[in-house]
Amino acid sequence: MAKIETPRPIRGTQDIFGAEAEAFAHVVETFERVRKLYRFRRVEMPVFEKTEVFSRSIGETTDVVSKEMYSFEDRGGESLTLRPEFTAGIARAYLTDGWQQYAPLKVATHGPLFRYERPQKGRYRQFHQIDAEIIGAAEPQADVELLVMADQLLKELGIGANDPGAVTLNLNTLGDSDSREAWRSALVAYFRDVKASLSEDSQERLEKNPLRILDSKDERDKVFVADAPQIDQFLSGEAQDFFGAVTSGLDAAGVAWSRNPALVRGLDYYRHTAFEFITDRLGAQGTVLGGGRYDGLMESLGGAATPAVGWAAGIERLAMLVGEWPIEAALAILPESETLEERALAVAAELRHAGIPCWTAFRQNPKKRNAKARADGALAALYVKAPDAQGREFSVSSVSGTDAESKLIRRVMDILGGRVGGRFPE
RNA sequence: GCGAUUGUAGCUCAGUUGGUUAGAGCGCCGGUUUGUGGUACCGGAGGUCGGGGGUUCGAGACCCCUCAAUCGCCCCA
């Protein structure tokens with residue numbers, strides 16, 4: 001007799017429904033369309049991998065690996081991990097599946113990722129990303145193409161269309177590994193001198209991840225960040241040329257960008273180009289799409305040195321920027337009595353086969369169906385009646401009075417023709 | 001891991017300095033009316049006031065603990 005307690009959802013998971021789910025789907029559909037324009041090949045990747053795929057590539061000491069992974073032992077005692085990102089798994093597949101033969105290889109995918117973090121606005125433990133990677137191309141043109149694609153995607157989603165400040169592309173270079181190391185040492189030396197004045201977090205970062213001090217939100221740090229050594233002083237000629245080719249390529253393609261010398265990457269494998277499309281519309285979670293070049297990653301997985309570059313974007317965050325997205329409008333099929341139930345079924349099937357989205361109900365009560373159809377956003381209504389002497393058995397009724405409705409009604413009239421009688425617009 | 005805020009009906013929320021039987025709108029169910037079409041009206045179901053403990057003659061209101069959600073820090077998309 002004990003009452004059964006309904007299990008609660010897992011913290012940080014989401015049940016996405018209604019206009020939000022439509023917006024989510026719209027983001028994915030737009031991504032699919034755009035990636036085909038750029039001829040990125042679709043790949044499907046496993047949701048879990050051996051733990052070492054991530055620990056080796058992302059870096060043992062990073063927070064992502066040390067405390068944010070969903071890891072578990074399978075029945076054979078092997079340590080497996082739900083993917084916290086796409087890149088490492090794709091890199092693994094490139095090495096284990098012989099994808100080298102396709103290099104330079106452009107791939108795209110999307111799906112759920114998992115990170116054991118505190119949920120907040122636009123951040124979840126199971127979250128979803130779209131992802132694009134170019135593997136086996138050392139050329140700056142690869143970086144450019146990826147960024148041009150990202151820019152087009154955001155534009156096609158209408159993000160920033162009426163609101164130019166909504167997203168901006170922040171761009172930086174981390175240099176090659178020598179440049180990056182020299183810069184890092186200089187930063188450590190610089191910040192060590194003022195260590196006592198830094199925030200507690202940044203004193204910690206000085207040891208673990210000094211680059212991250214640069215984007216600290218703490219005022220105590222910001223005063224020193226302003227005068228901190230910049231990567232430009234440490235860039236090799238080659239690294240400078242590379243970055244120059246990326247920026248001039250973006251200019252040529254008409255992609256607006258702004259240099260952000262404080263932009264760094266949290267993960268160990270990044271080199272050269274680093275970028276983020278940043279918005280100020282999502283509270284503290286400003287990064288909508290981010291990525292960079294990861295020339296060092298393949299070696300950390302035991303493969304031959306292979307240059308690569310890629311980005312990923314949070315679908316939830318993009319969906320929030322897109323706003324509510326309506327479900328496709330439909331024609332409500334409304335039988336006028338219970339005896340016409342099956343005729344309604346038949347005409348709905350006929351119209352759907354012809355590509356007309358139809359709204360139907362399961363319950364009787366024909367009186368309330370009309371109101372329900374309208375509440376569900378039906379564009380127009382088709383009443384199913386007993387056929388008259390001329391064989392007319394339907395009447396069409398205006399609901400929304402919109403252009404979309406007239407278009408829909410015209411298509412319906414083309415299909416049903418003389419079977420429609422009674423009153424209808426025009 | 002840390003901090004702030006918030007938990008009252010399926011949803012959005014009222015609920016006065018603690019005081020009878022905890023309310024509204026929407027939704028849901030039933031009915032009457034209307035009858036070429038977003039009706040109106042009537043009725044009904046639905047609440048361990050997140051959970052536990054305490055203070056009090058009396059707690060949805062006050063105190064403690066706990067759980068959860070939201071937002072922020074760390075980190076990161």
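Treat the numbers as computed from the prediction; the structure is a model and nothing was measured. Residue numbers begin at 1 in each chain, while the letters A, B, ... track the order of the sequences.
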Q.
Once you measure the plane-to-plane angle for F72(A) and F48(A), does it fall in the parallel (<30°), tilted (30-60°) or perpendicular (>60°) bin?
A.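 Ring orientation of F72(A) relative to F48(A): parallel.
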Please give, in whole Å, the distance from [N] [atom2] to [X] [atom1]?
X	N	atom1	atom2	answer
Y124(A)	rC75(B)	OH	P	21 Å
L289(A)	rC76(B)	CG	P	17 Å
Q126(A)	rC76(B)	CD	C1'	17 Å
I10(A)	rA69(B)	CD1	P	10 Å
K121(A)	rC73(B)	NZ	C1'	17 Å
R123(A)	rC71(B)	CZ	P	11 Å
R369(A)	rG35(B)	CZ	C1'	17 Å
F54(A)	rC76(B)	CZ	P	17 Å

Hey, are [Y] and [X] close enough side-chain-wise for a donor-acceptor pair under 3.5 Å?
X	Y	value
E276(A)	T287(A)	yes
D403(A)	S406(A)	no
Y94(A)	E133(A)	no
E20(A)	Q14(A)	no

Taking the same atom, [atom1], in [N] and in [M], what whole-Å distance lies between them?
N	M	atom1	answer
rC26(B)	rC62(B)	C1'	33 Å
rU16(B)	rG72(B)	P	31 Å
rG27(B)	rC41(B)	P	12 Å
rG3(B)	rG44(B)	P	49 Å
rC13(B)	rU8(B)	P	9 Å
rG7(B)	rG43(B)	C1'	32 Å
rU34(B)	rA45(B)	P	28 Å
rG46(B)	rU36(B)	C1'	37 Å

[N]: pairing nucleotide in any strand, Watson-Crick or G-U under 3.5 angstrom:
N	value
rU55(B)	none
rG7(B)	rC67(B)
rA22(B)	none
rC28(B)	rG44(B)

Can a donor-acceptor pair under 3.5 Å be found between the side-chain atoms of [X] and the base atoms of [N]?
X	N	answer
E117(A)	rA77(B)	yes
E336(A)	rG37(B)	yes
K385(A)	rU36(B)	yes

Of the candidate nucleotides [options], which contains the atom at the shortest distance from the side chain of [X]?
X	options	value
K372(A)	rC76(B), rC28(B), rC73(B)	rC28(B)
Q129(A)	rG37(B), rU39(B), rA77(B)	rA77(B)
F127(A)	rG72(B), rA77(B), rG37(B)	rA77(B)
P119(A)	rU70(B), rC76(B), rG37(B)	rU70(B)
T287(A)	rA69(B), rC75(B), rA77(B)	rA77(B)

Under 4.0 Å between any heavy atoms, over every strand shown, what does [X] touch: base, sugar-phosphate, or nothing? Just pick one.
X	answer
G122(A)	base
A312(A)	nothing
R115(A)	base

(Q) Run the ring pair (Phe, Tyr, Trp, His ring centres under 6.0 Å) test against Y70(A) and tell me which residues pass, sequence neighbours left out. (A)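 Partners of Y70(A) by the ring pair (Phe, Tyr, Trp, His ring centres under 6.0 Å) criterion, ordered by chain and then number, come out as Y116(A).
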Side-chain N or O of [X] closer than 4.0 Å to phosphate OP1/OP2 of [N]:
X	N	value
Q120(A)	rU70(B)	no
R118(A)	rC73(B)	no
K217(A)	rC73(B)	yes

(Q) Using modelled atom types and a 3.5 Å cut-off, is there a donor and acceptor pairing between side-chain atoms of R271(A) and backbone atoms of P307(A)? (A)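 No: the side chain of R271(A) does not pair with the backbone of P307(A).
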Q: For K67(A) and for G314(A), locate the closest nucleotide of RNA chain B by heavy-atom distance; then report the residue assigned to the nucleotide nearer the 5' terminus.
A: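 Per heavy-atom nearest nucleotide, the more 5' residue is K67(A).
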Q.
Nearest heavy atom decides the nucleotide; on that basis, is G12(A) or Y116(A) closer to the 5' end of RNA chain B?
A.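 Looking at RNA chain B, the more 5' nearest nucleotide goes with Y116(A).
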